[in-house]
Amino acid sequence: MTTERRSRALARAGAVLEVDLAAIVENWRRLAARLAPGASCAAVVKADAYGLGMARVAPRLAAAGCRLFFVATIDEGIALRRVLPGIEIAVLGGFLPGTGGEFTRTRLIPVLNSADEIDAWRANPRTRAFPAMIHVDTGMARLGLARDELAALAGAPERLAGLQLRAVLSHLACAEDAGARQNSEQLAAFRAALGLLPQAPASLAAGSGIFLGPDYHFAFVRPGAALYGVNPLPGRPNPMAQVVRLKGRILQVRDIDTGMTVGYGATHRMERPGRIATVAVGYADGWLRSGSHRGSAGIAGRRVPVVGRISMDLLTLDVTGIDPALARPGNFVDLMDDTYGVDEVAAAAGTIGYEILTALGQRYHRIYRGEAG
Ligand SMILES: *Cc1c(COP(=O)(O)O)cnc(C)c1O
């Protein structure tokens, strides 16, 4: 886009989402710096890099030294291959029947999640020649080899013969809770599983798991949300830098009297005369409706509450007492910034930062910062 077109797009934008690519790199480096000697840091960029734009995020991380990327689906892998021609990409969702050609043509690494997937990958000489990962389930009951499947494979090692085993993975269920017994149980189960499989680089920890200490680091770790500023240690100070900032534009401001109601369902009734600012962000932008009555925004260094229900394209703020020169049509309010970040927004909406990021809508005017360097 030319500068002229960009500034016109900004002038008409109802909201501006800023993604700080340098902060993502900084977070990747912070996580990598915590690792046990010899362990390396991959990056999870599934779901369009948690909503922030995989095509912008992944090349920046690759330039910073990241050598292994994880996506969820084959299509995400194909899209990532276009921007990262020479770097390892693994697909967490596994090997779907009939997709061998996609994996080999695009040089995607499947994360084989069941004995059937392993058999199918090995059965075809064309796929068998390419590297694959194996995922063992140690306590999620979601994806990965179940315990009995692993035992059956261990009892029939010919079923793994010739497999180019790039890594063995498992995934922690409670990593953000350092006190959970499940962590050490899964660690023990993972070590036992590694003993039953051919030697290969191992990986157990995602973002939060890194903070459980060096026992959990193995050959590489697979952080996602923490790269994008979500606190990997809920309830404790966030060791990550904030990555996203979101500003919503005020469309209208009105004075309203005691007893008047705001928004759908008339769920907010004014108990005093006040002023309402209507902002051009709603649940169609991923600004979750569950934040109705509970969320807030920043304006002129103060926090103002969301009142009434968040609707599809709009939310309403009580800006009573805010300088009218600031709370006026055309100006912006801060919906996410360095002091009120993705975790605070999530808490107000009764969810987690992951959901806030991956819900971020397509209507925002996006600005990427820290592209180079
Ligand atoms: C999503 C995912 C990750 C990344 O998890 P975060 O909590 O975002 O760090 C790592 N491994 C697997 C298997 C995943 O599904």
Side-chain angles (χ1 to χ4, degrees), residues 24 27-28 30-32 34-35 39-52 54 57-58 61 66 68-74 76-77 80 88-95 108-114 117 132-146 166-178 180 182-183 186-187 189-190 193 201-212 216-234 236 238-241 243-244 342-343 346 351-360:
I24 296 175
N27 286 337
W28 183 77
R30 282 185 199 178
L31 294 171
R34 304 190 78 92
L35 299 181
S40 64
C41 196
V44 179
V45 293
K46 61 192 179 188
D48 202 23
Y50 292 52
L52 301 188
M54 180 176 72
V57 168
L61 285 171
C66 184
L68 172 60
F69 289 82
F70 284 87
V71 293
T73 70
I74 301 168
E76 289 176 352
L80 183 56
E88 283 188 306
I89 300 170
V91 179
L92 289 165
F95 177 40
L108 302 177
I109 303 172
V111 175
L112 303 173
N113 285 314
S114 68
E117 288 186 14
M133 299 186 182
I134 289 181
H135 182 180
V136 296
D137 177 32
T138 54
M140 285 287 280
R142 198 176 64 162
L143 294 175
L145 296 175
R166 171 62 181 82
V168 177
L169 318 182
S170 192
H171 194 50
L172 295 167
C174 308
E176 72 286 355
D177 176 4
Q182 174 105 0
N183 293 325
Q186 286 194 253
L187 177 61
F190 186 51
S203 176
L204 179 59
S208 297
I210 293 170
F211 295 83
L212 295 173
Y216 289 81
H217 296 167
F218 292 93
F220 64 89
V221 297
R222 315 180 304 269
L227 297 173
Y228 313 113
V230 174
N231 188 356
L233 307 171
R236 290 195 269 157
N238 190 351
M240 313 320 298
V243 167
V244 289
V342 60
D343 292 294
T351 183
I352 55 175
Y354 294 66
E355 194 176 26
I356 298 298
L357 291 182
T358 56
L360 287 171

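First listed ligand is number 1; within each ligand, the first listed atom is number 1.
- Sorted by chain and number, the residues within 4.0 Å of ligand 1 by heavy atom are V44, K46, Y50, L92, R142, H171, A206, G207, R222, P223, G224, A225, Y354.
- Side-chain atoms of H171 and R222 form a donor-acceptor pair, as typed in the model, at a separation below 3.5 Å.
- In this structure, the side chain to side chain donor-acceptor pair (under 3.5 Å) partners of T138, at least two apart in sequence or on a different chain, are S170, Q186.
- For E88, the salt bridge (Lys or Arg N to Asp or Glu O under 4.0 Å) partners two or more places apart in sequence, or in a different chain, are R166.
- When side chains are defined from C-beta on, E117 does not count as touching V111, because their heavy atoms never get closer than 4.5 Å.
- Looking at residues two or more places apart in sequence or on another chain, you find a ring pair (Phe, Tyr, Trp, His ring centres under 6.0 Å) between F190 and F218.
- Residues V57 and Y228 form a side-chain contact, since some pair of their non-hydrogen atoms from C-beta on lies under 4.5 Å apart.
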